[in-house]
Amino acid sequence: MPADLAVIGLGPYGLPLAQAAVAAGIPTIGYRTGPEAGSLSPAELRRMLSGGFRPTTDPAELGRVRTAVICAPTPRGADGGPDLSQLEAAARTLAAHLRPHTTVILESPVYPGTTEEFLRPLLEEGSGLRAGRDFHLAYSPSRVDPGNRDVTPATTPKVIGGLTPACTESAAAFHARLTDKVVRARGPREAETVQLLETNYRHVNIALVNEMAVLCNDLGVDLWDVIRCAETKPFGFQAFRPGPGVGGHSVPQDMTAPGGRGLRMVELARQVNDRMPGYVIQRAATLLNEHGKSARGARVLLLGVTYKPDLADLQGTPAREIALRLRELGATVSYHDPYIPSWSVLDHPVPRADSLYEAAADADLTILLQQHRTYDLQGLSVKAQLLLDTRGAAPAGAAHRL
């Protein structure tokens with residue numbers, strides 16, 4: 001059966017799209033762009049394969065579809081903006097096989113202008129076709145919330161911005177097969193800037209509440225109670241919660257383009273969030289000192305090392321820096337995470353605790369970095385000699401909170 005859709009990039013953006021397309025009955029091929037890939041359980045993979053999904057390494061198959069969606073990873077580059085190397089490779093591969101009347105949609109996180117100024121020339125030069133005349137070209141920000149069972153592609157509105165009105169309508173027609181609502185932007189730059197705003201909104205608000213955590217600790221105020229009360233306000237407030245740092249695949253962008261005008265608030269937010277692992281180390285050392293122990297030689301157990309709860313994803317996790325800094329202080333570090341069977345920091349393996357309660361009882365300090373559903377924090381607070389809760393997840397009074 002010929003495929004209707006090619007998903008180029010099977011990482012955190014492409015794999016959920018492929019799953020949604022297969023569930024909607026769309027024959028889909030998946031083409032990996034690099035080493036990064038999402039994870040599927042054997043049962044999920046079987047369902048996708050039986051539903052018409054075909055992973056492929058043959059680029060020629062990209063020329064046999066009506067719609068190609070590029071979901072190549074764009075991690076933070078040396079300049080702080082997105083690294084477009086995998087996107088470039090994906091575009092060149094697609095261009096060599098692009099046929100007239102194909103709809104190409106970019107869904108990777110990029111800075112405004114990328115679709116028109118970076119992707120379009122690559123596709124046109126490699127194919128000999130002209131965007132907006134011979135093939136449709138559009139941008140749609142990926143709206144994926146990994147691990148969130150309450151959010152599905154069908155219930156998440158999709159923003160579409162095409163190079164021409166016809167491009168917008170072609171891309172909208174495809175996504176209307178997956179979602180209940182399609183929102184049309186004026187063009188690709190507007191759609192790209194939607195992604196920029198949504199990503200930066202998250203990082204700026206997390207930075208604000210992270211600063212509040214530091215302030216409230218200095219003042220002796222229970223921030224978690226403050227948030228509990230504040231989120232009862234029915235307007236003008238959305239609750240964010242502090243943590244040991246910010247991870248994930250969508251990096252904050254403090255520039256609208258390489259060398260372009262900067263967003264001062266986003267740069268400040270990045271600085272605040274990047275300081276949080278160091279603040280966790282400071283609080284850990286203080287707690288140990290208050291209990292007559294030194295960080296040097298202390299046994300420290302890290303609970304949950306993924307960037308998000310109930311997800312086997314280490315992308316951008318602050319646990320790496322925290323483990324590294326603890327080692328630099330001379331602490332002996334171990335970890336427990338039901339989703340990560342082995343873990344290394346700078347190529348040095350971190351011992352994994354097999355028995356959670358025994359490890360917590362043996363450790364001088366246990367630090368909760370991620371709140372997985374399997375963790376019984378009430379029981380852990382009883383077993384642990386000293387518990388630092390960076391997520392405000394333990395019962396009030398059962399642990400030292402960030």
Side-chain angles (χ1 to χ4, degrees), residues 4-28 30 38-41 43-48 50-53 66-71 73 103 105-110 138-162 168-186 188 190-203 205-206 231 234-241 247-250 306-313 315 371-373:
D4 285 349
L5 169 68
V7 177
I8 305 172
L10 296 178
Y13 311 113
L15 195 56
L17 172 63
Q19 286 181 288
V22 171
I26 301 174
T28 302
S39 58
L40 286 176
S41 69
E44 289 174 322
L45 180 58
R46 284 195 298 271
R47 281 196 297 270
M48 288 188 68
S50 64
F53 177 70
R66 289 184 290 181
T67 304
V69 183
I70 301 176
C71 301
T103 298
I105 307 172
L106 174 61
E107 299 202 4
S108 303
V110 295
Y139 182 83
S140 178
S142 179
R143 287 177 164 175
V144 176
D145 191 12
N148 189 337
R149 301 174 184 177
D150 298 325
V151 175
T152 67
T155 60
T156 303
K158 214 44 173 126
V159 174
I160 303 291
T168 298
E169 291 310 313
S170 181
F174 165 72
H175 270 295
R177 302 168 71 183
L178 305 181
T179 182
D180 296 335
K181 184 176 182 180
V182 173
V183 181
R184 292 162 176 80
R186 285 179 179 266
E190 284 76 15
E192 290 162 337
T193 309
V194 168
Q195 180 270 325
L196 183 78
L197 176 60
E198 291 176 352
T199 299
N200 286 338
Y201 178 86
R202 171 177 175 254
H203 284 269
N205 280 279
I206 291 175
E231 64 184 346
F235 57 91
F237 182 82
Q238 180 183 356
F240 285 78
R241 286 169 175 78
H249 297 266
S250 294
T306 60
Y307 92 89
K308 199 169 186 184
D310 306 308
L311 200 67
D313 196 330
Q315 179 68 33
Q371 179 192 359
H372 295 309
R373 286 191 184 95

Nearest non-hydrogen partners of [X] and [Y], listed with the distance:
X: Gly11; Y: Pro16; value: O-CD, 3.8 Å
X: Ala239; Y: Glu231; value: CB-OE1, 3.4 Å
X: Gly162; Y: Pro188; value: O-CD, 3.0 Å
X: Leu178; Y: Ala24; value: CD2-CB, 3.8 Å
X: Tyr201; Y: Gln238; value: OH-OE1, 2.8 Å
X: Ala20; Y: Pro153; value: CB-CG, 3.6 Å

Can you tell me how far the [atom1] atom of [X] sits from the [atom2] atom of [Y], to the nearest 0.5 Å?
X: Ile105; Y: Ile70; atom1: CD1; atom2: CD1; result: 10.0 Å
X: Gln19; Y: Phe53; atom1: CD; atom2: CZ; result: 9.0 Å
X: Ile8; Y: Leu17; atom1: CD1; atom2: CG; result: 11.0 Å
X: Glu198; Y: Leu196; atom1: CD; atom2: CG; result: 10.0 Å
X: Ser170; Y: Ile160; atom1: OG; atom2: CD1; result: 10.0 Å
X: Lys158; Y: Thr179; atom1: NZ; atom2: OG1; result: 8.5 Å

Any side-chain heavy atom of [X] within less than 4.5 Å of one from [Y]?
X: His175; Y: Ser140; answer: yes
X: Val159; Y: Val183; answer: yes
X: Val194; Y: Arg143; answer: yes
X: Arg177; Y: Asp4; answer: yes
X: Cys71; Y: Val7; answer: yes
X: Arg184; Y: Glu169; answer: yes

Open item on the list: Using a 3.5 Å distance criterion without hydrogens, assess whether the side chain of Asp313 forms a donor-acceptor pair with backbone atoms of Lys308.
Closed with: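 Absent.
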Open item on the list: Given 3.5 Å as the limit, does a donor-acceptor pair link the side chain of His372 with the main chain of Pro309, or not?
Closed with: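 No, His372 side chain to Pro309 backbone: no donor-acceptor pair under 3.5 Å.
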Task: Contacts of type side-chain hydrogen bond (donor to acceptor under 3.5 Å, both in side chains), residue Arg186, not counting sequence neighbours - done: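 side-chain hydrogen bond (donor to acceptor under 3.5 Å, both in side chains) check on Arg186 returns nothing, list empty.
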Open item on the list: Show, in sequence, the C-alpha distance, side-chain angles and deciding distance for Tyr13 and Val69, and conclude whether the side chain to side chain contact (heavy atoms under 4.5 Å, CB included) test is met.
Closed with: CA-CA 10 Å; Tyr13 311 113; Val69 183; over 6 Å; no
